[in-house]
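For reference, the structure discussed in these notes is given below.
In this chain, numbering begins with 1 at the start of the sequence shown. Keep in mind that what you see is a predicted model, and the values were worked out from it rather than measured. Only this structure's heavy atoms are used, side chains among them; waters, hydrogens and symmetry mates stay out.
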Amino acid sequence: MSTSTAATATATEKTGARTDEAADLIGNARERIDSLDDRIIGLIQERMAVSAVIQEARITSGGRRVNLSREMEVLAHYRDALGKPGTALAMTMLELCRGRI
């Protein structure tokens, strides 16, 4: 097997594609997804930090750490934008953002 054929076999095995063109397309798209995932993780970390500031201010002023009516607004926003799976996504994000205060 030539080096080119070995590289193609590896690329198609990694992607599940049956052609070199499809393997290239999938490889490039996966790189983009990885980049998007890194950005999403960064944004969630930023949201967690902002949420901690809000929670600290609320607690310092005598309020509760969590504002359930606000959480319901966030859940509705995600559900409206992404459908039922958006609710599960928002619940996970809210759980992450409830913080470690």
| message | With salt bridge (charged side-chain N to carboxylate O under 4.0 Å, His left out) as the rule and sequence neighbours excluded, what pairs involving residues 68-94 come up? | response | R70-E73, E71-R98

Considering only distance and modelled atom types, tabulate donor-acceptor pairs under 3.5 Å from the side chains of residues 21-31, sequence neighbours left out.
residue: N28; atom: ND2; partner: D24; partner atom: O; Å: 3.3
residue: R30; atom: NH1; partner: K14; partner atom: O; Å: 2.9

| task | Using the rule that two of Ile, Leu, Val, Met, Phe, Trp, Tyr join whenever any of their side-chain heavy atoms come within less than 4.5 Å, decide whether M72 and L89 are in one cluster. | result | yes

| field | Nearest-0.5 Å distance, CG of residue N67 to CZ of residue R65 | value | 12.0 Å

Report, one line per pair, each donor and acceptor closer than 3.5 Å where one atom sits in a side chain of residues 33-49; sequence neighbours left out.
none

| field | Shortest non-hydrogen contact from Y78 toward G86 | value | CB-O, 3.4 Å

| message | Once rounded to the nearest 0.5 Å, what's the spacing between atom CE of M93 and atom CG of L75? | response | 8.0 Å

| field | Flag side-chain contact, heavy atom, 4.5 Å: V66 against L94 | value | no

